[in-house]
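Dumping the structure here so I can ask a few things about it.
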There are 2 protein chains.
Amino acid sequence: MAEGGPGSESLLFLTDEQLRKGIEAMFFAYRGFTADPDRILENHAYGRAHHRAIHFINRSPGTTVNNLLSILGVTKQSLNRVLRTLIDDGLVESRVGTRDKRERHLYLTEAGAALERELSDAQRARMRSAYRSAGPEAVQGFRQVLEAMMDPEMRRHFNAMKDAG
Amino acid sequence: MAEGGPGSESLLFLTDEQLRKGIEAMFFAYRGFTADPDRILENHAYGRAHHRAIHFINRSPGTTVNNLLSILGVTKQSLNRVLRTLIDDGLVESRVGTRDKRERHLYLTEAGAALERELSDAQRARMRSAYRSAGPEAVQGFRQVLEAMMDPEMRRHFNAMKDAG
DNA sequence: CTTGGAAAGTCAACAAGGCTGACTTAATAT
DNA sequence: ATATTAAGTCAGCCTTGTTGACTTTCCAAG
């Protein structure tokens, strides 16, 4: 497969071995990425699915259920189970839409925002430490590769979130 | 771009907003990362857990169950369920250790290697495409940040795998 | 104004893949 | 001899994903 064709020296980063290392790096790094929030969630009797919902509601306050469904890529039934507990526990508020009353707009309550802060503080701390030790140029490369790895629809969501700070 | 010295402008990549974008990039990219293998596994009635076992047995042929356990970070019972089906289906071979007969050494059979190839071809294709579109320097940064994000023990496993090609 | 379809929510049932705890067997190490 | 280790197993539980069927509410188009 790696025949060493014309101009192959410049493509050494595309060897199967390099790609395999990239795959393993993703695997091991993702474990670290989720480790801190997972520990915190244990104390609150929530799981990763709750974290994801909280994260994106925080990022896009007032988002609809349908939009959240599309971002998270799960079924309505699956999200609803998680969302119901968050609403019942008073972490998320669901307001009937004004323009379209079929829609529900989702917001974090004060308690929800507090948990979001706790979770994202931990996750950002690890990310900050990794960014700092790798340096700004590495971070730019990191972001470029990750974005190129996304499915188009996910990349759309990712870039849409840029503005909605 | 990166102004020399630990000034303040040079740390703009460490803002909360930048870190949040990094977190979301990890989330969306990981989805893409697993999407292709997931589709293939469906046709074989296997899941992501089987993929992980196959991947690391392929990477370290003859590895013991205990070592695999430590790499995957799951319980013995959880791994065993997956391993048993792979052995029963003739994708993995379990050989009694010669030096220590308590140990079992794991190997892919020809059929196991075939599935591994099918899975990793798909995953590498995506990784290759992302690498190519981002370029060699971005890839280096990508790897640096991911490695810095790992827990120390996972980093140890990651680097140990470098040699065992 | 009726009707079709969209958004949300719910119930039931199921599967994958984590977990704990308890226990066995075989073999090594002390 | 005994303790420990590696592997494997059984049972049961939890989270989080899935399908499928169905309801309620509401908007929009005929």
Side-chain angles (χ1 to χ4, degrees), chain A residues 27 30-31 34-35 37-57 62-89 92-107, chain B residues 27 30-31 34-35 37-57 62-89 92-107:
Chain A
F27 172 72
Y30 199 78
R31 295 268 301 276
T34 56
D38 282 355
R39 267 188 291 273
I40 293 169
L41 289 159
E42 266 180 22
N43 308 330
H44 293 264
Y46 291 133
R48 228 175 259 186
H50 300 84
H51 182 192
R52 291 197 281 264
I54 287 173
H55 175 97
F56 286 108
I57 293 172
T63 185
T64 63
V65 173
N66 246 0
N67 184 45
L68 200 50
L69 239 32
S70 157
I71 289 172
L72 296 176
V74 298
T75 59
K76 172 177 60 161
Q77 295 89 329
S78 205
L79 174 59
N80 201 256
R81 181 166 36 199
V82 161
L83 223 40
R84 204 188 321 154
T85 72
L86 291 174
I87 292 171
D88 289 352
D89 294 354
V92 167
E93 194 188 347
S94 167
R95 298 187 205 151
V96 173
T98 50
R99 209 189 45 203
D100 185 335
K101 292 185 199 158
R102 288 172 304 181
E103 293 180 340
R104 302 298 141 83
H105 298 277
L106 304 171
Y107 300 87
Chain B
F27 172 72
Y30 199 78
R31 295 268 301 277
T34 56
D38 282 355
R39 266 188 292 273
I40 293 169
L41 289 159
E42 264 179 24
N43 307 330
H44 293 264
Y46 291 133
R48 228 175 259 184
H50 301 85
H51 183 193
R52 291 195 282 262
I54 288 173
H55 175 97
F56 286 109
I57 292 172
T63 185
T64 63
V65 173
N66 247 359
N67 186 45
L68 199 50
L69 239 32
S70 158
I71 289 172
L72 297 176
V74 297
T75 59
K76 171 177 62 162
Q77 295 90 329
S78 209
L79 175 59
N80 201 257
R81 181 166 37 196
V82 162
L83 223 40
R84 204 188 319 154
T85 73
L86 290 175
I87 291 171
D88 289 351
D89 294 354
V92 168
E93 194 188 346
S94 167
R95 299 188 203 149
V96 173
T98 50
R99 208 190 45 204
D100 185 335
K101 293 183 200 159
R102 287 172 305 180
E103 293 180 339
R104 300 298 141 84
H105 299 277
L106 304 171
Y107 300 87

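Just so you know, these numbers use all the heavy atoms, side chains as well, and skip hydrogens, waters and symmetry mates. Letters A, B, ... mirror the listed sequences (proteins, then strands); counts begin at 1.
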Nearest nucleotide by nearest heavy atom, which residue falls closer to the 5' end of DNA chain D, Val96(A) or Thr75(A)?
->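 Its nearest nucleotide lies further toward 5', so the answer is Thr75(A).
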Establish, with yes or no, whether the OP1 or OP2 oxygen of dA6(C) is under 4.0 angstrom from a side-chain nitrogen or oxygen of Asn66(A).
->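 The answer is no; no side-chain N or O of Asn66(A) sits under 4.0 Å from OP1 or OP2.
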Under 3.5 Å, is there an N or O donor on one side and an acceptor on the other linking the side chain of Gln77(B) and the base of dG12(D)?
->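 Counting by modelled atom types and ignoring angles, no donor-acceptor contact under 3.5 Å is found here.
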Options dG9(C), dC11(C), dT9(D), nucleotide nearest the side-chain atoms of Asn80(A) |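 So the nucleotide nearest the side chain must be dG9(C).
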Given dA27(C), dC19(C), dA7(C), which nucleotide is nearest the side-chain atoms of Glu103(A)?
->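 Among the listed nucleotides, the one closest to the side chain of Glu103(A) is dA7(C).
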Within the structure, does a side-chain N or O atom of Arg48(A) lie under 4.0 Å from either OP1 or OP2 of dT16(D)?
->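 So the side chain of Arg48(A) is outside the cut-off, no N or O lying under 4.0 Å from OP1 or OP2 of dT16(D).
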Has the side chain of Arg102(A) got a donor or acceptor that lies under 3.5 Å from a partner of the other kind on the base of dA8(C)?
->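 Donor-acceptor pair under 3.5 Å: no.
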Can you say whether the rings of Tyr30(A) and Tyr30(B) are parallel (under 30°), tilted (30 to 60°) or perpendicular (over 60°)?
->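 Plane angle under 30°, so parallel.
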Is a side-chain donor or acceptor of His44(A) paired with a backbone partner of Leu41(A) at a separation under 3.5 angstrom?
->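 No; zero donor-acceptor contacts below 3.5 Å.
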Could you check which of dA27(C), dC26(D), dG17(C) has an atom nearest any side-chain atom of Lys101(A)?
->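 So the side chain of Lys101(A) is nearest to dC26(D).
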Classify the side chain of Arg81(A) versus the base of dG17(D) as yes if they form a donor-acceptor pair under 3.5 Å and no if they do not.
->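 Pair found.
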In whole angstrom, give the distance that lies between atom CG of Leu86(A) and atom P of dG9(C).
->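 Rounded to whole Å, this separation is 13 Å.
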Can a side chain N or O of His50(A) be found less than 4.0 Å away from OP1 or OP2 on dT16(D)?
->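 For dT16(D), OP1 or OP2 has a side-chain N or O of His50(A) closer than 4.0 Å.
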Taking only Lys NZ, Arg NE, NH1 and NH2, and the carboxylate oxygens of Asp or Glu, determine whether Glu93(A) and Arg95(A) approach each other closer than 4.0 Å.
->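 So Glu93(A) pairs with Arg95(A) through a salt bridge.
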From dT16(D), dG8(D), dC11(C), pick the nucleotide closest to the side chain of Ala49(A)?
->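 Out of dT16(D), dG8(D), dC11(C), the nucleotide with an atom closest to Ala49(A)'s side chain is dT16(D).
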